[in-house]
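Worksheet: the structure to be examined is printed underneath.
Sequence lines set the chain letters: A, B, ... in the order given, protein chains first and strands last, and positions in each chain run from 1.
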Number of protein chains: 2
Amino acid sequence: MIQEGQREELSTETRSLRASGLTDEIGFLIARAKLVTLELVDEQLEEFGLKRQSYATLSLACTEYGLTQRELAASLKVDPSRLVAILDELQGRNLVVREVDPADRRSRTIRATDAGRQLCAQAAESVRRVEELLLGEIPAGERATIMGALRRIAFPSPRP
Amino acid sequence: MIQEGQREELSTETRSLRASGLTDEIGFLIARAKLVTLELVDEQLEEFGLKRQSYATLSLACTEYGLTQRELAASLKVDPSRLVAILDELQGRNLVVREVDPADRRSRTIRATDAGRQLCAQAAESVRRVEELLLGEIPAGERATIMGALRRIAFPSPRP
DNA sequence: TATTGTTATACTCTATAACTATA
DNA sequence: TATAGTTATAGAGTATAACAATA
């Protein structure tokens, strides 16, 4: 048990961050929380050869909805031109396929292959451990509040 | 009042994100929340000619603690080499100064100028509005829980 | 003419290694 | 020799414009 010590000894860095007021600003906190969290996510994804964006893309490709690249890009807030490289890589590994939409032959519908579904399911299991690592000691009720709040921030109702 | 409509009509994007399970993953939510939040922060900072990192750097330079570049970089999780450009810009605008540390002449202590303090105070006021924009409708108690959780995620106790 | 996917390009940020001056 | 700040450089990610195929 080193908890006492941890609570008492504040490093110069922590003290000055507090004094600056940054630790009370949601922008600073979220930016830093994202750094910490995504580092853990990256660790979990490494063994599957996936990165944040390719994992998210693959996840969406595994749903019943056949999304076009345009829709995929909008859903993930990734530029359509950026998605091209992500899909090239996933398709090169036979995890997804681009299917020409018969209704509009300009569009490509993205679907996961069986191999893609299998890999995604494994990766998803690993990724879910991150919440445990970060919020494991927080009571379930508060945890739901926090996840709900993140969802609310991530998907805000449109501003006037 | 369009709230009813907003709650009912789920776009294809939202539906497929839910189906994929991504909206239950803390990594995805935080990454997206960070995108949304920092966009608002950038908006607030624009009129002051500051960016996220230069604002955070300036904020720390305004404290009583005379931090060296090394300490500043560690506090902000920014690479020391990256900090050079940030400080060059701030110093060029006479918002901070680099002072050679007499005790160790290799180190530079960073301090805000009066102009820097003034600008930072104004910018901080604007930046704090972002929390209101994002969490304004959430009751104060839950808000404290959320900010506390973000602080906890952003500054995790060291892993074994 | 407008849109989808694509390519090319520039810009920012990140990460690394090498250099200098001090220790 | 080791460290603080700096410089140079390569690598990701983001954003923009232009192009071919299709509508």
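Salt-bridge check for B:Asp42 with B:Arg52: passed, with a basic side-chain N closer than 4.0 Å to an acidic carboxylate O. Ionic pairing of B:Arg152 and A:Glu137 is present here: one or more N-O contacts between side-chain nitrogen and carboxylate oxygen are shorter than 4.0 angstrom.
Side-chain contact between A:Thr57 and A:Val96: absent, with no pair of heavy atoms (C-beta onward) separated by less than 4.5 Å. Using a 4.5 Å heavy-atom cutoff, the side chains of A:Arg108 and A:Thr68 are not in contact.
Annotation: A:Glu46, atom CD; neighbour count of heavy atoms from other residues, nucleotides and ligands within 6.0 Å does not exceed 12. With a 6.0 Å radius and a threshold of 12 heavy atoms from other residues, nucleotides or ligands, B:Gln118 has its CD atom at or below the threshold.
Between the CG atom of A:Leu67 and the C1' atom of C:dG5 there is a distance of 16 Å, given to the nearest Å. What separates CG of A:Asp42 from C1' of C:dT14 is a distance of 13 Å, to the nearest Å. With rounding to whole Å, B:Leu38 atom CG is found 14 Å from D:dT14 atom C1'. In this structure, A:Leu83 atom CG and D:dA15 atom P are separated by 14 Å, rounded to whole Å. Between the CZ atom of A:Arg52 and the C1' atom of D:dT14 there is a distance of 14 Å, given to the nearest Å. Going from atom CZ of A:Arg82 over to atom P of C:dC13 covers 17 Å, rounded to whole Å. Between the C1' atom of C:dC13 and the NZ atom of B:Lys77 lies a distance of 16 Å, rounded to the nearest Å. Rounded to a whole Å, the CZ atom of B:Arg70 is 16 Å from the P atom of C:dA23.
A:Arg128 and A:Gln44 are not linked by any side-chain donor-acceptor pair at a separation below 3.5 angstrom, with hydrogens and angles left out of the test.
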Sugar-phosphate or base contact per nucleotide [nucleotides 17-23 of chain D; S, B, -; heavy atom under 4.0 Å]:
----BBS

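When the side-chain nitrogen and oxygen atoms of B:Gln53 are compared with OP1 and OP2 of C:dT12, none of them lie within a distance under 4.0 Å.
Using a 4.0 Å heavy-atom distance criterion, A:Arg108 is classed as a sugar-phosphate-only contact.
Along DNA chain C, the nucleotide nearest A:Leu35 and the nucleotide nearest A:Arg98 are compared for position; the residue whose nucleotide lies closer to the 5' end is A:Arg98. In terms of position on DNA chain D, the residue among A:Pro80 and A:Lys51 whose nearest nucleotide sits closer to the 5' end is A:Lys51.
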